[in-house]
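Protein chains get the first letters and strands the later ones, always in sequence-line order, with residue 1 at the start of each.
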Amino acid sequence: MRILPESFFARGAVEVAKDLLGKVIVHGDCSGRIVEVEAYLGMDDLAAHASRGITERTRVLFGPPGRAYVYLIYGMYECLNFVAEREGDPGCVLIRALEPLEGTGEMFQRRPAARRVEDLCSGPGKLTRAMGITRALNGANVTVAGAFTVRRQAKEPAIEIVTSARIGITQCADWPLRFYMAGSRFVSGKPKKGMQ
DNA sequence: AGTTCGATCGCCT
DNA sequence: GGCGATCGAACTG
């Protein structure tokens with residue numbers, strides 16, 4: 001698998017978000033295929049942290065692309081984003097769900113509440129816990145060889161992308177910036193019968 | 001210095 | 001389908 005270069009991330013957040021579907025996040029011995037993402041834009045997107053301007057927390061969003069933006073939500077969960085756009089231009093992609101590939105034993109140890117593989121990484125807070133991704137990785141460059149990277153498989157299966165509104169926000173709630181793989185059992189949400 | 005509330009999850013009904 | 005847990009960032013005075 002090849003590491004995605006910085007140029008992959010140096011594009012519009014929506015484009016990067018859609019193209020990240022099917023790519024593989026590797027952290028240590030664990031890896032997972034991205035099946036659900038959300039795009040967060042710049043100043044006009046009031047749901048995006050970057051819309052409030054540069055602060056200690058959001059600084060990495062205004063830096064070079066291909067960096068991890070990891071922050072704490074609700075006092076207990078971490079969320080993983082990858083910075084998009086060119087340096088100085090904010091925009092990022094929130095990773096919402098993964099299909100676990102390698103290291104599932106380690107993932108179950110970190111998330112004893114998960115009963116099935118489908119529950120391991122089916123949400124932004126779940127996947128960071130399962131993969132062992134914390135704020136210590138905030139600002140990390142994922143485009144260079146190391147323990148934390150995003151990769152492209154040699155043979156990428158064709159995927160169908162479904163678009164919807166983003167989840168759990170109040171501002172700009174109707175913007176169609178959530179993307180997920182059609183038919184995947186690993187996306188977040190309720191285990192209802194029928195599709196989402 | 002104090003307050004508000006959030007890009008969530010898991011347990012309960 | 002509702003709600004409690006739990007804490008840091010950002011904003012107010």
Side-chain angles (χ1 to χ4, degrees), chain A residues 9 12-18 20-21 25 32 34-63 65 67-85 90-100 107-140 142 150 162-181 185-194 196:
Chain A
F9 296 94
V14 171
E15 206 174 343
V16 175
K18 290 183 179 178
L20 276 174
L21 291 175
I25 295 177
I34 300 172
V35 298
E36 179 181 349
V37 295
E38 283 176 2
Y40 284 84
L41 313 180
M43 297 304 174
D44 298 335
D45 183 0
L46 297 181
H49 291 171
S51 67
R52 312 289 171 82
I54 302 182
T55 65
E56 185 62 26
R57 180 175 61 152
T58 62
R59 199 179 56 240
V60 53
L61 289 173
F62 293 83
R67 297 334 192 245
Y69 171 52
V70 187
Y71 66 91
L72 186 69
I73 186 76
Y74 299 123
M76 21 168 94
Y77 301 105
E78 333 239 2
C79 286
L80 169 66
N81 304 249
F82 294 121
V83 178
E85 311 280 351
C92 66
V93 178
L94 169 68
I95 308 302
R96 286 196 54 92
L98 300 176
E99 171 185 345
M107 294 187 198
F108 275 115
Q109 281 187 356
R110 294 198 189 102
R111 294 202 62 241
R115 297 280 165 179
R116 312 168 302 164
V117 195
E118 289 91 332
D119 303 327
L120 234 26
C121 298
S122 57
K126 297 179 187 178
L127 71 91
T128 50
R129 180 70 55 86
M131 293 279 289
I133 293 168
T134 69
R135 280 167 292 163
L137 291 169
N138 188 45
V142 297
V150 188
V162 183
T163 303
S164 81
R166 293 176 293 186
I167 294 188
I169 56 169
T170 51
Q171 309 268 348
C172 306
D174 55 341
W175 292 18
L177 294 179
R178 172 176 176 246
F179 309 101
Y180 61 94
M181 267 193 208
R185 296 149 37 224
F186 299 93
V187 302
S188 67
K190 325 218 164 8
K192 280 275 192 241
K193 38 183 167 182
Q196 339 195 6

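- Among the protein residues, R166(A) comes within range of no part of the nucleic acid, since none of its heavy atoms lies under 4.0 Å from any strand.
- Using a 4.5 Å heavy-atom cutoff, the side chains of V14(A) and L177(A) are in contact.
- Separating the C1' atom of dC3(C) from that of dC5(B) is a span of 16 Å, rounded to the nearest Å.
- The nucleotide dT6(C) finds no pairing partner, because no Watson-Crick or G-U wobble arrangement with both distances shorter than 3.5 Å includes it.
- For the side-chain contact (heavy atoms from CB on, under 4.5 Å) with E78(A), the lone residue among L127(A), I73(A), T128(A), N138(A) that qualifies is T128(A).
- The separation between F82(A) atom CZ and dA7(B) atom C1' is 15 Å, rounded to whole Å.
- Between Y40(A) and R166(A), the closest side-chain pair of non-hydrogen atoms falls below 4.5 Å.
- Within the 4.5 Å cutoff, side-chain heavy atoms of I25(A) are placed close to those of F82(A).
- Among the atoms of the strands shown, only primed sugar atoms or phosphate atoms (P, OP1, OP2) are found under 4.0 Å from some heavy atom of R96(A).
- dG6(B) atom C1' lies 11 Å from atom CD of Q171(A), rounded to whole Å.
- Checked against dA10(C), dT8(B), dG8(C), the side chain of R135(A) finds its nearest nucleotide in dG8(C).
- The residue L72(A) sits close only to the backbone: its heavy atoms come under 4.0 Å of sugar-phosphate atoms, none of a base.
- With DNA chain B read from its 5' end, the first of the two nearest nucleotides for I169(A) and R111(A) is the one closest to I169(A).
- Judged by distance alone with a 3.5 Å cut-off, no donor-acceptor contact links the side chain of Y74(A) to the base of dA5(C).
- Mapping T170(A) and A113(A) onto DNA chain B via the closest heavy atom, the residue that lands nearer the 5' end is T170(A).
- dT8(B) atom P lies 11 Å from atom CZ of R178(A), rounded to whole Å.
- A donor-acceptor pair is defined here as one N or O able to donate and one able to accept, closer than 3.5 Å; such a pair exists between the side chain of E38(A) and the backbone of I167(A).
- Closest approach to the M76(A) side chain among dG8(C), dT6(C), dG10(B) is made by dT6(C) (side chain taken as heavy atoms from C-beta onward).
- Using Watson-Crick or G-U wobble geometry with both donor-acceptor distances under 3.5 Å, dA1(B) finds its partner in dT12(C).
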